[in-house]
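Right, one structure below, let's go through it.
Chain A is the first sequence line, chain B the second, and so forth, proteins listed ahead of strands; every chain is numbered from 1. Just the heavy atoms: all of them, side chains too, but no hydrogens, waters or symmetry mates, feed the values below. Quick caveat, the model's predicted, so the values are computed rather than measured.
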Protein chains: 2
Amino acid sequence: MARELQHGATIWDVARKAGVSITTVSHSLNGKGNISEATRERVRAVASEMGYVADAMARGLRSSKMNAIGLVFRSLDSLGNYGPNGVDVFMKLAGAAAAETLNRNLGLMLVPDLSRGPLPPFSMSLDGYIVFAPHLDDPVVALLEKRGIPYVTWDRDPGRPDFRNWVAHDDAASTRVVLNHLAAAGAGSIAYVGGTDRNAWNFDCEAAYVAWCLETGKEPRIYHVPERDGVEGGRQVGARILGDGMPGAVFCLTGRHASGAAQAMQECGVRIPGDLLVCTGSDSEHSRQHKPPISALDVDIPAAAAALVERLCEVMEGKSGSDPVLLVARFLHRKSTSPGKTRNQQKRGF
Amino acid sequence: MARELQHGATIWDVARKAGVSITTVSHSLNGKGNISEATRERVRAVASEMGYVADAMARGLRSSKMNAIGLVFRSLDSLGNYGPNGVDVFMKLAGAAAAETLNRNLGLMLVPDLSRGPLPPFSMSLDGYIVFAPHLDDPVVALLEKRGIPYVTWDRDPGRPDFRNWVAHDDAASTRVVLNHLAAAGAGSIAYVGGTDRNAWNFDCEAAYVAWCLETGKEPRIYHVPERDGVEGGRQVGARILGDGMPGAVFCLTGRHASGAAQAMQECGVRIPGDLLVCTGSDSEHSRQHKPPISALDVDIPAAAAALVERLCEVMEGKSGSDPVLLVARFLHRKSTSPGKTRNQQKRGF
DNA sequence: ATGAAAGCGCTAACAT
DNA sequence: ATGTTAGCGCTTTCAT
């Protein structure tokens, strides 16, 4: 149906009905200017009675503010399988960010990968962007940078150490928490399984692992599995690890890899946690539902979303120079790293 | 930083640089009017060289088209825990819809519940809406209706039988598929566990269950658990069902309920599928990861998103009178309803 | 084949 | 305390 017909009342309609000028309407509704309280009230009443809502585009055109921010949806491909890791984290973040932006009366626009294809009409008019896990030399970041659009990132930009508008977990600290926990639980040697995406998470966790090995005098055992290979990739690496000689523990960054690796090894008769401890750097349904449940680092998604949106708002307001925001990952201690637990605890999924 | 500085080139800048009028630029870029191919090419070249992108708001103001649609985020509360069911379906749909809208060069805006709080600035300017599972007398639908904004719904609007712009699974048919499967697998009596939200899914599945019982001469056994009670609610209903006398099968609409019910009953010594068949109407990580995996109806989310977006585009273009789109849910036959399967199949998670 | 000019609905100087 | 007016950047008649 033609929107023209139904298109809501304009500021003119309100002005006419209230018997004032459009300026008065604008000022009344926006709490600006010098308007008598009586008039202000009357205008407000008329406006709300008419269901008047200022046209976002007209307003935006004038103030060059869209009142909406974008959330970049990198690599749609990887979402193709809608696995718990791809979608889970990203989409939960989208939900939490939407809640967060609503509080500030901003819209949240999902923008699937800006770096390929024609730009969606709105993409360059948005007030700011949240970029999820930029990788090395990310073209999306380059585009935003070139156009001077404010943005913050989840995880630091691995190629740009001076860019400081990011929010992330303290990956180095989290990694040490895990490794120390594993060592304390009796793991003599710990194998590490990272992903292949060139993002800060992979880089920093691996670096922390290597540093920790150096400090504790252990021999690093590093494996890489492409994120997209998911559980199956995990199974394969599990087999490889077994082939290379069973370690005391395995730390898989990705939840799906952890689940796959544990699965494959259990099928070979390895008992978890009896023979081997397993832990993941990213909690997901896979780690929660695995038998036994797999210990994991957990992203506090609402906190992350809140921090990202808040920081972005600061940047949009021109504030700069703040430090990056480091969140603490929660460590969820579960059965997979608890040798010697009773049957009862096991049953409760702990 | 002040956007003014960085604000991209305007149509004027392009016109000046190309030595033509803004009309020529507009026409060249939009393939309208009578412009010589030479000029058109030159303008295009200049524009792309300058990285010119038409301002979405200015364009929208003129054409009163936003080129973006909204996806209503009903009841954020229920997403509060970001459990696999809330997020799973809704967020996957958001992702798929974003991909789908991108193909049409439309933006997708996440709009958290229009019915409470102040309207987000954009919400009333969007070209159309996808409303996810409207419930009876849904205020969001009422608002959209009042303002004449085109919308489609996922699942029919239970209170408005004449509204036909919806996409959903054929719940009646799907329910029968499940019940027949359960009966064929040897279930003499089948208990049904539905949710309490007043949406079409709950209504239609239950109606189909009752009808099927009537036809087959079975006594209906109906239980209700609030969606938000999740796995714990499932555990409780599992206990209740056991208390009322164990049936041959349980059909839980919600995946989390199914998982909880199965869990509680298994802890009481019930063997699945040996003593009892369990099936859910909504596949999720919970049903997939349960031991044994729980048979489920599965939403083809990309198909649903595609259908929703396509239908919405039709509605926005003024086409009307099309029939609702009925999708077929896939039935995923798993171990929980396969009595007498071999050990091997069991191992493969089938 | 090209350009001038009128708005779209709003905000913010600038009158009054 | 209220009103007039000039644009924001664009599309679209209507001239030329």
So, does A:Ser28 use its side chain to make a donor-acceptor pair with the main chain of A:Thr24 at under 3.5 Å?
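A pair under 3.5 Å: yes.
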Take atom [atom1] of [X] and atom [atom2] of [N], then tell me their distance rounded to the nearest Å.
X: B:Arg42; N: C:dT2; atom1: CZ; atom2: C1'; result: 11 Å
X: A:Asn34; N: C:dA13; atom1: CG; atom2: P; result: 15 Å
X: A:Lys65; N: C:dT11; atom1: NZ; atom2: C1'; result: 14 Å
X: A:Trp12; N: D:dT4; atom1: CH2; atom2: P; result: 8 Å
X: B:Asn30; N: D:dT13; atom1: CG; atom2: P; result: 13 Å
X: A:Leu61; N: C:dC10; atom1: CG; atom2: C1'; result: 8 Å
X: A:Ile22; N: D:dT5; atom1: CD1; atom2: P; result: 11 Å
X: A:Arg59; N: C:dC10; atom1: CZ; atom2: C1'; result: 8 Å

Indicate whether OP1 or OP2 belonging to [N] is found under 4.0 Å from a side-chain N or O atom of [X].
X: A:Thr39; N: D:dT2; result: yes
X: B:Ser26; N: D:dT11; result: yes
X: B:Lys32; N: D:dT11; result: no

Parallel under 30°, tilted from 30 to 60°, perpendicular over 60°: which one fits the rings of B:His169 and B:Trp154?
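Because their plane-to-plane angle is over 60°, the rings of B:His169 and B:Trp154 count as perpendicular.
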Please work out which of the three classes, parallel, tilted or perpendicular, describes the rings of B:Phe122 and A:Phe122, given edges at 30° and 60°.
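A:Phe122 and B:Phe122: perpendicular rings.
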B:Ile11 side chain near B:Tyr52 side chain, heavy-atom distance below 4.5 Å:
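Side-chain contact under 4.5 Å: yes.
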Regarding C:dA12, can its base be found pairing with the side chain of A:Ser63 as donor and acceptor, where the two atoms are less than 3.5 Å apart?
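It does not, because no donor-acceptor pair links the side chain of A:Ser63 to the base of C:dA12 below 3.5 Å.
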Going by modelled atom types, is there a donor-acceptor pair between the base of D:dT11 and the side chain of B:Thr23 at under 3.5 Å?
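Counting by modelled atom types and ignoring angles, no donor-acceptor contact under 3.5 Å is found here.
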Mapping B:Ala54 and A:His27 onto DNA chain D by nearest heavy atom, which one lands closer to the 5' end?
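This one resolves to A:His27.
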Do B:Thr23 and B:Ser26 pass the side chain to side chain donor-acceptor pair (under 3.5 Å) test, and can you show the C-alpha distance, the side-chain angles, and the key distance before you say yes or no?
CA-CA 5 Å; B:Thr23 310; B:Ser26 175; over 6 Å; no
Name the closest nucleotide to the [X] side chain, picking from [options].
X: A:Val20; options: C:dC10, D:dG3, D:dC10; value: D:dG3
X: B:Ile11; options: C:dT2, D:dT2, D:dG9; value: D:dG9
X: B:Ser36; options: C:dT2, D:dT12, C:dT11; value: C:dT2

